[in-house]
Amino acid sequence: MAQLASTTGTHAGRKRRDGRLFLIEALMLLVFCFAAIAVATQLLTSADRLSTHAQATTTACLVAGNESERFAADPDDAESTAYYALDGSPLDGESEGCLLMHRTAESDATEAGTSFYATITVERNGEELICLNTTHYLSGASSAEQQER
């Protein structure tokens, strides 16, 4: 009988200890899951931010290239400023997160013709995304026609 009582007591203590180990393991698993979720959330947030920045940079390249083509087709000394949405469509005014395109231009007239120089910058939220320098040359006859306009 004494041997039976001691075996029963040991078995009950082992059950309590196994229950505590299960709780500790469950809590550790829960902490690990929360840590994994936190890391995944940070990665997804960072990926979203990088994706938005990449989209803005791509659109800025397209906007600067289009403005460069406009300048090459009809060069002038005028400065211009325009606002664009992230999809590249022009906007009437400034809005949150839009792209600001600014072009400065100057010319250098010589007897042979006129060289037009333009600097096109595109920025978003104060951060310069792209700066493009372009030059267009008009020979003497073309230059005179251009300056008459």
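When reading the values below, keep in mind they use all heavy atoms of this one structure, side chains included, and skip hydrogens, waters and symmetry mates.
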message: With heavy-atom distances below 4.5 Å as the criterion, would you say the side chains of Tyr84 and Thr59 are in contact?
response: no

task: Please examine the side chains of Val63 and Glu67, heavy atoms only from C-beta on, and report whether any two atoms are closer than 4.5 Å.
output: no

query: Under 3.5 Å, side chain of Arg103 to main-chain N/O of Ala64, donor-acceptor pair present?
result: no

task: Hey, could you give me the CG/CD distance between Asn125 and Glu96, rounded to the nearest 0.5 Å?
output: 6.0 Å

field: Where Cys98 and Leu91 come nearest, the two heavy atoms and their spacing
entry: CB-CD1, 3.7 Å

Student check: side-chain heavy atoms of Arg124 and Leu86 closer than 4.5 Å: yes

query: Which heavy-atom pair separates Leu132 from Ser68 by the least distance, and what is that distance?
result: CD2-CB, 3.8 Å

message: Would you say CG of Asn133 has more than 12 non-hydrogen atoms from neighbouring residues, nucleotides or ligands within 6.0 angstrom?
response: yes

task: Any chance you could measure Leu30, atom CG, to Leu23, atom CG, to the nearest 0.5 Å?
output: 11.5 Å

- line: Apart from Ile37 itself, its cluster of hydrophobic side chains linked below 4.5 Å comprises none

task: To the nearest 0.5 Å, tell me how far Glu128 CD sits from Leu100 CG.
output: 10.5 Å

Inter-residue atom distance His136.NE2 - Phe116.CZ, 0.5 Å rounding: 7.5 Å

field: Cluster link Leu99 to Met101, ILVMFWY, side chain under 4.5 Å
entry: yes

Only distances under 3.5 Å count here; give the side-chain donor-acceptor pairs of residues 47-54 to other protein atoms, sequence neighbours excluded, each with its distance to 0.1 Å.
from	atom 1	to	atom 2	distance (Å)
Thr52	OG1	Asp48	O	3.0
His53	ND1	Thr57	OG1	3.2
His53	NE2	Glu127	OE2	3.2

- prompt: How close do Phe71 and Ala105 get, heavy atom to heavy atom, and via which atoms?
  reply: CE1-CB, 4.0 Å

Distance, nearest 0.5 Å, that separates CZ of Phe34 from OG1 of Thr41: 11.5 Å

